[in-house]
Visitor: 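Just passing along the structure, written as structure tokens.
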Amino acid sequence: MATILVTGGAGYVGSVCCSQLLDRGHKVVVVDDLSTGHAGAVPHGAVLRRLSISDRDALAEVLTADRFDAVFHFAAKALIPESVANPGAFFDSNVASSIALLEAVRAAGIRRFVFSSSAAVYGNPQSASIDEDDPKDPVNSYGETKLMLERILRWYTSAYGWTVAAFRYFNACGATTTVGEDHRPETHIIPLLLQTATGERDFFEICGHDYPTPDGTCLRDYVHVVDIAQAHLLALSVLERPGMSVYNIGTGTSHSVRQVCRVVEQVVGATLRVREAGRRPGDPAILCASPQRLMRELGWRPKSSDLHSIVRSAWEWKQRHPRGYEADQASLTISSAH
Ligand SMILES: NC(=O)c1ccc[n+]([C@@H]2O[C@H](COP(=O)([O-])OP(=O)(O)OC[C@H]3O[C@@H](n4cnc5c(N)ncnc54)[C@H](O)[C@@H]3O)[C@@H](O)[C@H]2O)c1
């Protein structure tokens with residue numbers, strides 16, 4: 001059994017990872033400022049400390065209260081349009097605050113670190129199947145912050161003998177029976193389509209229908225959040241030697257926006273109101289991972305990532321939590337580090 005500090009464990013991907021860690025008997029302490037996360041998303045059995053990763057003193061207190069075996073770092077600002085409009089806030093949150101975290105982790109003598117990076121580091125890809133060594137040329141400050149932290153982590157690895165895994169997620173989606181996606185504002189396609197199905201939205205907007213793809217809409221690689229969590233667990237058990245490893249997490253298969261719309265319609269059993277709109281700046285036509293390195297080196301397989309299963313799981317979660325986590329907050333005890 002290991003003891004893991006999970007930053008951003010009240011967010012979408014982090015909370016699913018916490019629940020998988022707990023299921024396997026690990027001890028989990030979550031550090032989250034609840035800026036975009038929800039106390040109700042933190043699984044029962046995890047301790048939630050409400051604080052920012054930029055608060056070095058509070059972090060030091062948390063890190064010395066337990067003997068941590070590893071840190072899983074999910075906490076970040078992650079809304080791409082906001083990162084284009086307000087890059088300073090992204091460098092502050094995703095880089096400066098992360099350095100405060102790295103320093104606190106170093107001071108506590110912890111040497112295993114797993115970082116949530118992103119396919120956004122690649123920018124407009126030059127290949128239809130992106131591998132980890134392809135050029136990195138982010139087209140928004142969000143991707144730039146992820147690339148910068150990867151680079152910073154390389155220096156920590158060589159100077160302090162850390163074992164680091166950086167995972168570049170493609171499109172995280174889907175839900176478990178207890179944990180699902182509740183971003184505010186929501187910008188991800190599947191929750192937006194499900195909100196259209198329930199009438200919370202009047203229509204779903206397809207942004208760009210003249211891309212050089214078979215049906216004119218963007219192609220993306222959708223990977224179930226449980227499969228993402230699984231990669232983190234494999235990193236914990238497989239990666240032992242000091243050094244930095246970087247992996248894509250995607251399935252190697254892409255689906256167009258129209259295909260996703262059709263699958264959502266099949267799952268919810270209704271026709272959705274869809275409108276065509278112009279392209280969004282910075283949206284590449286195709287983003288699809290080569291997951292070969294992750295499969296070869298960590299033995300990872302995408303077990304839950306067929307599109308129907310993803311959408312079904314998200315729809316089931318939505319039906320159980322029609323107002324997201326809103327209603328679940330009251331029942332939680334939150335401890336503050338101060
Ligand atoms: N969701 C995706 O499709 C996707 C794709 C690629 C990469 N990622 C990365 O995965 C990670 C998790 O993404 P998500 O979709 O779960 O986002 P999310 O917004 O749901 O979760 C982020 C969590 O971090 C917390 N947080 C933010 N800043 C903090 C700070 N300074 N101190 C403490 N806590 C803070 C938020 O409150 C939230 O709970 C992020 O690093 C994101 O960049 C996500």
Visitor: With heavy-atom distances below 4.5 Å as the criterion, would you say the side chains of Ile110 and Trp162 are in contact?
Guide: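 Answer no - side chains too far apart.
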Visitor: Can you check whether Cys288 reaches Ser129 side chain to side chain, under 4.5 Å on heavy atoms?
Guide: no
Visitor: Check the surroundings of atom CZ in Arg151: do more than 12 heavy atoms from other residues, nucleotides or ligands lie under 6.0 Å from it?
Guide: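 No.
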Visitor: In this structure, are over 12 heavy atoms from other groups packed under 6.0 Å from Lys136 atom NZ?
Guide: yes
Visitor: Report yes if the side chains of Ser116 and Phe167 come closer than 4.5 Å at any heavy-atom pair, otherwise no.
Guide: no
Visitor: Please tell me whether His26 and Gln20 have a donor and an acceptor in their side chains that are separated by less than 3.5 angstrom.
Guide: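 Side-chain D/A pair, His26 to Gln20: absent.
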Visitor: Please determine whether a side-chain nitrogen of the Lys or Arg among Asp55 and Arg50 lies less than 4.0 Å from a carboxylate oxygen of the Asp or Glu.
Guide: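 Salt bridge: no.
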Visitor: Look at the rings of Trp317 and His321 and say which category their plane angle falls in: under 30° parallel, 30 to 60° tilted, over 60° perpendicular.
Guide: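 Trp317 vs His321 ring planes: parallel.
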Visitor: Distance-only, no hydrogens or angles: does the Glu205 side chain make a donor-acceptor pair with backbone N or O of Cys207 under 3.5 Å?
Guide: no
Visitor: Please check if any side-chain donor atom of Tyr222 sits under 3.5 Å from a side-chain acceptor atom of Asp306, or the reverse.
Guide: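 The answer is no; no qualifying pair exists.
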Visitor: Should Asp221 and Ile130 be marked as a side chain to side chain contact (heavy atoms under 4.5 Å, CB included) after you check the CA-CA gap, both sets of side-chain angles, and the distance that decides it?
Guide: CA-CA 11 Å; Asp221 187 333; Ile130 305 168; over 6 Å; no
Visitor: Do the side chains of Arg293 and Asp133 get close enough for a salt bridge, i.e. N-O under 4.0 angstrom?
Guide: yes
Visitor: Specify the closest pair of heavy atoms between Leu63 and Ala108, including all atoms of both residues, with the distance to one decimal.
Guide: CB-CB, 3.9 Å
Visitor: Look up atom SG in Cys261 and atom NE2 in His255, then write down how far apart they are to the nearest 0.5 Å.
Guide: 13.0 Å
Visitor: Is there a side chain to side chain contact (heavy atoms under 4.5 Å, CB included) between Val6 and Phe74 once you walk through the steps?
Guide: CA-CA 7 Å; Val6 180; Phe74 297 93; 3.6 Å; yes
Visitor: Where do Glu181 and Cys173 come nearest, in terms of heavy atoms and distance?
Guide: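 Scanning both residues completely, I find the closest heavy atoms to be OE1-CA, 4.3 Å.
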Visitor: Using a strict 4.0 Å threshold on nitrogen-to-oxygen distance, state whether Glu200 and Lys318 make a salt bridge.
Guide: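 Counted as a salt bridge, because a side-chain N and a carboxylate O are separated by less than 4.0 Å.
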Visitor: Sub-3.5 Å donor-acceptor pair from the side chain of Thr163 to the main-chain atoms of Arg241, do we have one?
Guide: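 Checking the backbone N and O of Arg241 against the side chain of Thr163, a donor-acceptor pair under 3.5 Å is found.
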Visitor: Calculate, to the nearest 0.5 Å, the distance between atoms CD1 and CG belonging to Ile80 and Asn140 respectively.
Guide: 4.5 Å
Visitor: Which heavy atom of Gly161 sits nearest to which heavy atom of Arg111, and what is that distance?
Guide: O-CD, 4.1 Å
Visitor: Under 6.0 Å from the CZ atom of Arg184, do we count more than 12 heavy atoms belonging to anything else shown?
Guide: yes
Visitor: CG of Leu48 to OG of Ser15: how many Å apart, nearest 0.5 Å?
Guide: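 Leu48 CG to Ser15 OG: 11.5 Å, rounded to 0.5 Å.
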Visitor: Do Ile190 and Ile310 come within less than 4.5 Å of each other through their side chains, counting heavy atoms only?
Guide: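 Side chain of Ile190 against side chain of Ile310, heavy atoms only: contact under 4.5 Å found.
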Visitor: Scan side-chain atoms only and decide if Tyr247 and Glu132 contain a donor-acceptor pair under the 3.5 Å cut-off.
Guide: no
Visitor: Is Leu294 linked to Val16 within one hydrophobic cluster, defined over Ile, Leu, Val, Met, Phe, Trp and Tyr using a side-chain heavy-atom separation of less than 4.5 Å?
Guide: yes
Visitor: Tell me whether Glu276 is salt-bridged to Arg258, with the criterion being a basic N under 4.0 Å from an acidic carboxylate O.
Guide: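 Judged by the 4.0 Å cut-off on N to carboxylate O distance, Glu276 and Arg258 do form a salt bridge.
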Visitor: Any donor and acceptor pair, going by atom type alone, linking the side chain of Ser93 with main-chain N or O of Phe90 inside 3.5 Å?
Guide: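 A pair under 3.5 Å: no.
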Visitor: Please tell me whether Ser305 and Asp227 have a donor and an acceptor in their side chains that are separated by less than 3.5 angstrom.
Guide: yes
Visitor: Please give me the minimum heavy-atom distance between Gly324 and Asp182, naming the atom from each residue.
Guide: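 Scanning both residues completely, I find the closest heavy atoms to be CA-OD2, 3.3 Å.
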Visitor: Specify the closest pair of heavy atoms between Val13 and Val225, including all atoms of both residues, with the distance to one decimal.
Guide: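 Residues Val13 and Val225, closest heavy atoms: CA-CG2, 3.9 Å.
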Visitor: Taking atom CG of Leu193 and atom CH2 of Trp315, what is their separation to the nearest 0.5 Å?
Guide: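 Leu193 atom CG to Trp315 atom CH2 measures 11.0 Å (nearest 0.5 Å).
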Visitor: Between Tyr122 and Asp131, does a side-chain hydrogen bond (donor to acceptor under 3.5 Å, both in side chains) hold up when you go through it step by step?
Guide: CA-CA 10 Å; Tyr122 297 111; Asp131 87 33; over 6 Å; no
Visitor: Side chains of Ile99 and Ile152: does their closest heavy-atom pair fall under 4.5 Å?
Guide: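 Yes - at least one pair of side-chain heavy atoms lies under 4.5 Å apart.
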Visitor: Rounded to the nearest 0.5 Å, what's the gap from SG on Cys17 to CD1 on Ile228? Could you check?
Guide: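 Cys17 atom SG to Ile228 atom CD1 measures 9.5 Å (nearest 0.5 Å).
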Visitor: Between Arg220 and Asp283, is any pair of side-chain heavy atoms under 4.5 Å apart?
Guide: yes
Visitor: Around atom CZ of Arg279, are there more than 12 heavy atoms of other residues, nucleotides or ligands at under 6.0 Å?
Guide: yes
Visitor: Would you check, one step at a time, whether the test side-chain hydrogen bond (donor to acceptor under 3.5 Å, both in side chains) holds for Ser313 with His224?
Guide: CA-CA 9 Å; Ser313 69; His224 199 295; 3.2 Å; yes
Visitor: Give a yes or no on whether the ring-centroid distance for Tyr169 and His232 is below 6.0 angstrom.
Guide: yes
Visitor: Just verifying a value: how many Å separate Leu102 CG and Phe115 CZ, rounded to the nearest 0.5 Å?
Guide: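 So the CG of Leu102 and the CZ of Phe115 are separated by 9.0 Å.
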Visitor: Run the side chain to side chain contact (heavy atoms under 4.5 Å, CB included) check on Val139 and Val84 step by step: do they pass?
Guide: CA-CA 9 Å; Val139 292; Val84 174; over 6 Å; no
Visitor: Tell me whether Lys77 is salt-bridged to Glu82, with the criterion being a basic N under 4.0 Å from an acidic carboxylate O.
Guide: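 Looking at Glu82 together with Lys77, the answer is yes, because their closest N to O distance falls below 4.0 Å.
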Visitor: Could you check whether atom CZ of Arg67 has more than 12 heavy atoms from other residues, nucleotides or ligands sitting under 6.0 Å from it?
Guide: no
Visitor: If we only count heavy atoms from C-beta on, is the Ser118 to Arg168 side-chain gap below 4.5 Å?
Guide: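 SC-SC contact between Ser118 and Arg168 ruled out.
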Visitor: Quick one, Val28 and Val47 - any side-chain contact, counting heavy atoms below 4.5 Å?
Guide: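 With C-beta onward as the side chain, the pair stays apart.
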Visitor: When you look at Thr217 and His209, which way does the side-chain hydrogen bond (donor to acceptor under 3.5 Å, both in side chains) test go after all the steps?
Guide: CA-CA 5 Å; Thr217 67; His209 46 92; over 6 Å; no
Visitor: Got a salt bridge between Asp66 and Lys27, using NZ or NE/NH1/NH2 to carboxylate O under 4.0 Å?
Guide: yes
Visitor: Below 30° counts as parallel, above 60° as perpendicular, anything between as tilted: where do the rings of His183 and Tyr12 land?
Guide: perpendicular
Visitor: Answer yes or no: does atom CZ of Arg201 have more than 12 heavy-atom neighbours from other residues, nucleotides or ligands under 6.0 Å?
Guide: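 Yes, CZ of Arg201 has more than 12 neighbouring heavy atoms, counting only those of other groups under 6.0 Å.
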Visitor: Under the 3.5 angstrom rule, does the side chain of Asp32 hit a backbone N or O of Leu34 as a donor-acceptor pair?
Guide: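 Yes, because the side chain of Asp32 sits within donor-acceptor range (under 3.5 Å) of the backbone of Leu34.
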Visitor: Stepwise, does the side-chain hydrogen bond (donor to acceptor under 3.5 Å, both in side chains) test hold for Thr145 with Asn94?
Guide: CA-CA 6 Å; Thr145 65; Asn94 295 1; 3.2 Å; yes
Visitor: Quick one: do Glu265 and Arg262 make a salt bridge, cutoff under 4.0 Å?
Guide: no
Visitor: Please step through side chain to side chain contact (heavy atoms under 4.5 Å, CB included) for the pair Ile4 and Leu236, ending with a clear verdict.
Guide: CA-CA 10 Å; Ile4 314 294; Leu236 192 62; 3.8 Å; yes
Visitor: Determine whether a donor-acceptor pair (N or O, by modelled atom type, separation under 3.5 Å) exists between the side chain of Ser141 and the backbone of Glu144.
Guide: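 No; judged by distance alone, with no hydrogens or angles, the pair does not exist.
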Visitor: When you measure from the side chain of Arg320 to the backbone of Thr177, do you find a donor-acceptor pair of N or O atoms at a distance under 3.5 Å?
Guide: yes
Visitor: Please determine, by modelled atom types, if Ser52 and Ser54 share a side-chain donor-acceptor pair under 3.5 angstrom.
Guide: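 There is such a pair between these side chains.
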